Amino acid sequence: MLDIKLIREQREFVKKEIEKLYVSAPIDAIFELDASKRKLLSTVECLRNQRKSLSKEIEKERDENIKLSKKNEVKKINELIKNGEEDLGSITHRLNDLMLLVPNLPYEDVPIGKDDTENIVVSYFNEKKQFDFKPRTHFDIGEKKGLIDFERGVKISGTRFYVLKKAFAKLQRALINFMLDVHVNDHGYEEVYPPFMVHEDCLTGTGQLPKFADTLYKDSDSGLWFVPTAEVPVTNMYRDEIIDAEMLPVCHVAYTACFRKEKMSAGKDTKGIKRGHQFDKVELVKITTPETSMDELFNLIADAQDILNKLDLPHRLVKMCTGDLSFSASVKYDIEVYAPGVAEWLEVSSCSNFMAFQARRANIKYRRGKDSKPEFVHTLNGSGLALPRTMIALIENYQTKDGNIKIPGVLMPYFGSDELL
RNA sequence: GGAGAGAUGGCCGAGUUGGUCGAAGGCGUUCGCCUGCUAAGCGAAUGUACGUCCAUAAAAGAUGUACCGAGGGUUCGAAUCCCUCUCUCUCCGCCA
């Protein structure tokens with residue numbers, strides 16, 4: 001959520017910034033609603049003040065007649081208050097609804113562009129592997145060796161579900177543990193294991209709701225939503241809290257399954273395990289002071305990249321342009337790993353600084369000093385990394401000519417002693 | 001799932017014959033005094049949000065309103081009375 005004061009005081013600036021995102025937002029309507037809300041609020045507060053003082057007079061009044069007339073006076077005021085409160089309620093409600101639909105503003109150095117074609121590749125890391133044969137796709141390998149069962153996945157759960165078997169199931173488990181250990185031991189994150197189902201407030205807090213309800217799964221019975229990313233439960237751990245300044249930055253790493261309807265991508269990426277309704281992910285979340293959030297973003301990106309470096313996988317860092325920023329992000333960098341079988345750069349991590357946008361929605365604050373007023377924190381997150389796509393890259397990059405996969409050394413303690421699958 | 005108890009400020013904890021309660025008291029914290037140092041003692045301060053005024057880079061200041069788990073009701077007036085919900089705790093049952 002944006003600061004309403006920013007819209008109040010610098011409406012044209014906000015509109016100009018939103019234009020850069022190639023989306024529309026009801027800034028003018030918000031401005032008008034805010035003005036009428038404040039006007040009405042003053043009126044109602046003034047009336048309540050009158051009621052208060054009259055009530056006190058009634059208490060002390062000895063004359064029954066005067067008392068009665070004053071009571072009637074308050075009753076009339078109460079009518080006015082009631083009407084005012086109803087209007088105020090509906091205006092506030094409408095204002096809030098609109099505010100929740102306004103995306104975050106882009107950070108100053110975000111390149112302007114209308115879609116992903118205008119993103120900027122910042123740099124490349126690790127050499128692409130050379131093959132003296134045509135590299136196969138992960139789904140080709142997986143099916144032939146009986147390590148991915150697409151048919152049964154579809155049988156039990158429908159399209160975009162698959163079953164990992166034997167060495168592939170184990171490989172994913174090994175990767176999860178490897179990633180968690182690296183982030184905890186080498187990068188200093190604190191591991192958390194959060195719920196995979198959350199209250200609606202959480203999704204509003206991190207910005208998935210109300211706009212993207214149709215991409216999320218929900219249990220209508222309990223009203224709980226399945227998390228589309230660990231960002232949601234982990235960031236919301238601190239909802240409605242004031243964090244001690246000494247605790248910052250808060251750095252968490254969490255493994256969760258993630259659930260997404262993928263309606264926007266209907267028909268896209270239907271082959272393989274690139275895009276399923278359920279996938280595993282190790283997520284990095286940081287909560288920082290406003291001053292340090294940009295530095296922490298680059299630390300976070302480096303931490304995510306470190307996994308790929310340790311696995312010696314070719315990847316590149318891509319800076320998102322304004323038109324490709326996600327709803328809540330102010331800056332976003334994607335890490336894309338190269339998979340030679342499908343011959344694609346796969347997004348394995350999306351690292352964002354949300355500035356105070358989520359903090360404002362989720363009401364997460366910190367105190368600069370003992371006597372300082374609470375201020376909103378900055379929140380960040382990025383995958384570290386998404387499992388299926390890391391799997392794809394690992395399988396396709398480490399395949400041998402005879403159809404096996406060589407396990408990288410760093411994974412040996414996790415996967416076991418088998419050199420080949 | 002059955003029975004009972006509870007939810008108050010950073011914490012503990014009063015307040016339940018409705019008004020002077022944003023809320024006693026204690027602890028903690030901050031500042032000052034005292035002290036060779038520390039402790040103790042003494043004095044003062046110490047919630048959040050939003051609005052208005054002032055000011056405008058911001059803060060501070062003044063003032064108003066709301067908030068005693070959440071929502072609704074009774075009343076001139078509710079932390080206090082009534083209803084609904086949520087959560088926590090204890091006991092019993094059931095179960096991974």
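Treat the numbers as computed from the prediction; the structure is a model and nothing was measured. The chains referred to below are lettered A, B, ... by the order of the sequence lines, with proteins before strands, and numbering in each begins at 1.
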Exercise for the section: Mind jotting down which residue pairs meet the side chain to side chain donor-acceptor pair (under 3.5 Å) criterion with at least one end in residues 226-237 of chain A? Sequence neighbours excluded, please. Expected result: A/Thr229-A/Lys281, A/Glu231-A/Gln358, A/Glu231-A/Asn381, A/Asn236-A/Arg239
Fill in the blank from the handout: Comparing A/Lys82 with A/Ser372, nearest RNA chain B nucleotide closer to 5' gives the residue A/Ser372
Exercise for the section: In whole angstrom, give the distance that lies between atom CG of A/Asp3 and atom P of B/rA49. Expected result: 13 Å
Exercise for the section: Rounded to whole angstrom, note down the P distance from B/rU63 over to B/rU84. Expected result: 43 Å
Practice task
May I ask you to evaluate whether A/Lys365 reaches the phosphate of B/rA49, defined as a side-chain N or O under 4.0 Å from OP1 or OP2?
Solution key: yes
Problem - Any residue meeting side-chain hydrogen bond (donor to acceptor under 3.5 Å, both in side chains) with A/Asp312, in chain and number order, not counting sequence neighbours - result: none
Handout entry: Spacing of A/Gln10 atom CD relative to B/rA57 atom P, expressed in whole Å
Key = 12 Å
Problem - Sub-4.5 Å side-chain heavy-atom contact between A/Asp334 and A/Lys319 - result: no
Handout entry: Salt bridge present between A/Glu85 and A/Lys82 (N-O < 4.0 angstrom)
Key = no
Could you give the side-chain donor-acceptor pairs of residues 89-99 of chain A under 3.5 Å, partners two or more places apart or in another chain?
{"from": "A/Ser90", "atom 1": "OG", "to": "A/Asp87", "atom 2": "O", "distance (Å)": "3.2"}
{"from": "A/Thr92", "atom 1": "OG1", "to": "A/Leu88", "atom 2": "O", "distance (Å)": "2.6"}

Exercise for the section: For nucleotides B/rC42 and B/rC67, find the distance between their P atoms and express it as a whole number of Å. Expected result: 37 Å
Problem - Atom C1', compared across B/rA66 and B/rA23: separation rounded to whole Å - result: 15 Å
Practice task
Sticking with atom P, work out how far B/rC87 lies from B/rG26, rounded to a whole angstrom.
Solution key: 37 Å
Practice task
Would you kindly give the CD-to-C1' distance between A/Glu57 and B/rG77, to the nearest whole Å?
Solution key: 13 Å
Exercise for the section: With sequence neighbours excluded, give me every ring pair (Phe, Tyr, Trp, His ring centres under 6.0 Å) pair touching residues 149-182 of chain A. Expected result: A/Phe161-A/His277, A/Phe178-A/Tyr414
Handout entry: RNA chain B: 5'-proximal contact among A/Arg367 and A/Arg8 (nearest heavy atom)
Key = A/Arg367
Practice task
Only counting residues at least two apart or in another chain, list the ones meeting side chain to side chain contact (heavy atoms under 4.5 Å, CB included) with A/Pro413.
Solution key: none
Problem - Residues which pass side chain to side chain contact (heavy atoms under 4.5 Å, CB included) with A/Gln172, listed by chain and number, not counting sequence neighbours - result: A/Leu164, A/Ile176, A/Asp280, A/Leu387, A/Met391
Exercise for the section: Under 4.0 Å between any heavy atoms, over every strand shown, what does A/Arg368 touch: base, sugar-phosphate, or nothing? Just pick one. Expected result: nothing
Problem - Residue list, side chain to side chain contact (heavy atoms under 4.5 Å, CB included) with A/Glu241, at least two apart or on another chain - result: A/Tyr238
Practice task
Let me know the distance between CG of A/Leu6 and P of B/rA58, rounded to the nearest Å.
Solution key: 12 Å
Practice task
Using whole Å, report how far CD of A/Glu79 lies from C1' of B/rC76.
Solution key: 14 Å
Completion exercise
Protein-proximity profile, nucleotides 61-66 of chain B, B/S/- by nucleotide at the 4.0 Å heavy-atom cutoff, equals ---BBS
Practice task
In whole angstrom, give me the gap between the C1' atoms of B/rG61 and B/rA55.
Solution key: 10 Å
Completion exercise
For residues 185-198 of chain A, the salt bridge (charged side-chain N to carboxylate O under 4.0 Å, His left out) pairs (sequence neighbours left out) are A/Asp186-A/Lys310
Problem - Distance, P atom - from B/rC68 to B/rA79, rounded to whole angstrom - result: 7 Å
Fill in the blank from the handout: Parsed dot-bracket for RNA chain B after applying the Watson-Crick and G-U rules with both distances under 3.5 Å and | for other-strand partners is ((((((((.[[[..)...(.....]]]((((((.......))))))(((((((.......))))))).[[[[[..)....]]]]])))))))....
Exercise for the section: Rounded off to whole Å, could you give me the CG-to-C1' distance for the A/Asn96 and B/rA49 pair? Expected result: 14 Å
Exercise for the section: State, with a plain yes or no, whether a side-chain heavy atom of A/Leu284 is found less than 4.5 Å away from one of A/His252. Expected result: no
Exercise for the section: Select base, sugar-phosphate, or nothing to describe what A/Asn72 touches, counting heavy atoms under 4.0 Å on all strands. Expected result: nothing
Problem - Between B/rU35 and B/rC27 - C1' atom distance, rounded Å - result: 24 Å
Problem - Euclidean distance, atom CG of residue A/Leu40 to atom C1' of B/rU52 [Å, nearest integer] - result: 15 Å
Completion exercise
Sorted by chain and number, sequence neighbours left out, salt bridge (Lys or Arg N to Asp or Glu O under 4.0 Å) with A/Glu262 holds for A/Arg275
Practice task
Rounded to whole angstrom, note down the C1' distance from B/rC34 over to B/rA39.
Solution key: 13 Å
Practice task
Measure the distance from CD1 on A/Ile242 to C1' on B/rG47 and round it to the nearest whole Å.
Solution key: 9 Å
Distances for protein N/O vs nucleotides 15-19 of chain B N/O pairs under 3.5 angstrom?
{"from": "B/rG19", "atom 1": "O2'", "to": "A/Glu59", "atom 2": "OE1", "distance (Å)": "3.1"}
{"from": "B/rG19", "atom 1": "N2", "to": "A/Ser55", "atom 2": "O", "distance (Å)": "3.2"}

Practice task
Measure the CG-CZ distance between A/Leu209 and A/Phe327 for me, rounded to the nearest 0.5 Å.
Solution key: 10.5 Å
Fill in the blank from the handout: Side-chain atoms of A/Lys5 come closest, of B/rG51, B/rU48, B/rC76, to B/rG51
